[in-house]
Amino acid sequence: MNLGEFELLPLSDGTFRLDGGAMFGVIPKALWEKRTPADERNRIAMSVRPLLVRGRGTNILIDAGIGDKMTAKDADIFAFDRTNTLDRSLAVAGLQPDDIDIVIATHLHFDHAGGFTVMVDGRAVPRFSRARHFIRRGEWDDAMQPHERNRASYLRDNYVPLLEAGLVEFIEDDGDVVPGVRVLRTGGHTMHHQIVRIDSGGRTAVFAADLLPTTAHLDDPWIMGYDLYPVDTLMYKKRFLAEAIAGEYVIFFEHDPLIAAGTIRQEGSRKLVDAIDPSVLSA
Ligand SMILES: [Zn+2]
């Protein structure tokens, strides 16, 4: 879709499945399965949708999906289906990995950073070899020093090769990556998790990453069990959604199985999404 001078295009790096209980934290299954059905292993369907932002002669990629480094065991646990990979959806957009100028990481978990590198002769190397990769300094430090609670999400092969190749630009604070495209720290999911806000032509779009992974996560207490600081997620989310509803922001949902983007409205006690027509998104 077009947003002022930018073109925003949700890409695909396939689908996977995560435990429904872990995806909804304290919400009982009796409630969440009405919104999101579970399979026989209690898993729910998730998409992986990095966002391409084109404008001002620059190709920006926000997150890069899971990539192709997962083991057979992981592929079974997470039911990875990578029929529709990032390379393929970039090609549909007329781009090769070398056409990407800037990569922004919302955080460094494997389902967001896995596609930053590829295996060549048994070694992980940067996939976007020309791109400057904007990564929050605090997130980097946490990813380099994981503890027992977050270790399974951080795989060094996904990001250390970027530093070795001199491709990392550390972000210390909120601010513009290019004029009109800014990063904002939310905390919550990880201490330094960030979202990306695009402003142009009087409109605002936000790539919400794991602040709002799916449209089933809009109501206040519907917060992932994966979040390290769920009360921080709650505080940020309440403030953000009030602003997003008032400002009619277009929200991109990275993991929603069906809805790539939409605007949010309040109806009584519920928050509902008006999905953007997929034909508008892919045009
Ligand atoms: Zn995620």
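For the single chain, residues carry numbers from 1 onward in sequence order. None of these values were measured; they are calculated from a predicted model. Whatever order the structure lists them in is the order used to number ligands and atoms, beginning at 1.
Among the atoms of H255, an N, O or S atom falls under 2.8 Å from the Zn ion (ligand 1). The Zn ion (ligand 1) has an N, O or S atom of H112 closer than 2.8 Å. Distance check for D210 against the Zn ion (ligand 1): an N/O/S atom falls below 2.8 Å.
Scanning both residues, K271 and D219, for their nearest heavy atoms gives N-OD1, 3.5 Å.
Note: H109 and H189 meet the aromatic proximity criterion, with ring centroids under 6.0 Å apart.
Taking the centre and axis of the six-membered ring of F134, the NZ or CZ atom of R132 falls outside the cone set by 45° and 6.0 Å.
Side-chain contact, E139 with Y154: a donor N or O sits under 3.5 Å from an acceptor N or O.
Looking only at its N/O/S atoms, D111 has OD2 as the one nearest to the Zn ion (ligand 1).
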